[in-house]
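Quick notes on the structure that follows.
Only heavy atoms go into these numbers, but all of them, side chains included; no hydrogens, no water, no symmetry mates.
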Amino acid sequence: MLKFKTFCRSAYVLLYVITLAFISISPKTITTHINGNGMADAHGNRFLLLLAPLLYTIVVELVIYATKRKRTKAGLKDVNFILAVNTVGLVH
């Protein structure tokens, strides 16, 4: 479970770092919507770029909570991973 949480949390920390780098180089207003003709019809503050990592953080934390709760009920400690290397013998 610790590896799973560490992987998920390091992914969204990296996402925040990348987003902050983009915010530092973006203009003060950004296009938030483009209509069917390819014309920008909505604009917003550059800090709206933080919306995607924020939503990702919420989803990840909900998944971690749900996984931890489900595995605690089942009496399990580790999250099982199936790697591509392990599936070679399973496919015929």
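Side-chain contact between Glu61 and Tyr12 is present, with heavy atoms from C-beta onward closer than 4.5 Å. For the pair Thr57 and Arg9, the minimum side-chain heavy-atom distance is 4.5 Å or more. Side-chain contact between Asp41 and Ile34: absent, with no pair of heavy atoms (C-beta onward) separated by less than 4.5 Å. Residues Cys8 and Val63 fail the side-chain proximity criterion, which asks for heavy atoms closer than 4.5 Å.
The distance from atom OG1 of Thr32 to atom CG of Leu51, rounded to the nearest 0.5 Å, is 10.5 Å. Atom NZ of Lys5 is separated from atom OH of Tyr65 by 13.0 Å, given to the nearest 0.5 angstrom.
Thr29 contributes no side-chain N or O that, together with a main-chain N or O of Asn45, makes up a donor-acceptor pair within less than 3.5 Å. For the pair Asn37 (side chain) and Met39 (backbone), a donor-acceptor distance under 3.5 Å is absent.
Paired with Leu62 under the rule side chain to side chain contact (heavy atoms under 4.5 Å, CB included), one option of Val59, Ile58, Val60 passes, and it is Ile58.
Clustering ILVMFWY residues whenever any of their side-chain heavy atoms sit less than 4.5 angstrom apart, transitively, puts Tyr16 in the very cluster that holds Ile30. Linking ILVMFWY residues whenever their side-chain heavy atoms come closer than 4.5 Å, directly or via other members, places Tyr56 and Leu54 in the same cluster.
The minimum heavy-atom distance between Thr19 and Pro53, with the atom names listed, is OG1-CG, 3.2 Å. Residue Ser24 comes nearest to Ala21 through the heavy atom pair OG-O, 2.6 Å, listed as atom of the first residue, atom of the second, then distance.
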Q: Determine, step by step, whether Leu50 and Leu20 satisfy the side chain to side chain contact (heavy atoms under 4.5 Å, CB included) criterion, reporting the C-alpha distance in whole Å, the side-chain angles of both residues, the deciding distance to 0.1 Å, and the verdict.
A: CA-CA 8 Å; Leu50 285 171; Leu20 290 175; 4.3 Å; yes

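Counting heavy atoms of neighbouring residues, nucleotides and ligands inside a 6.0 Å radius, atom CZ of Phe7 does not exceed 12 of them.
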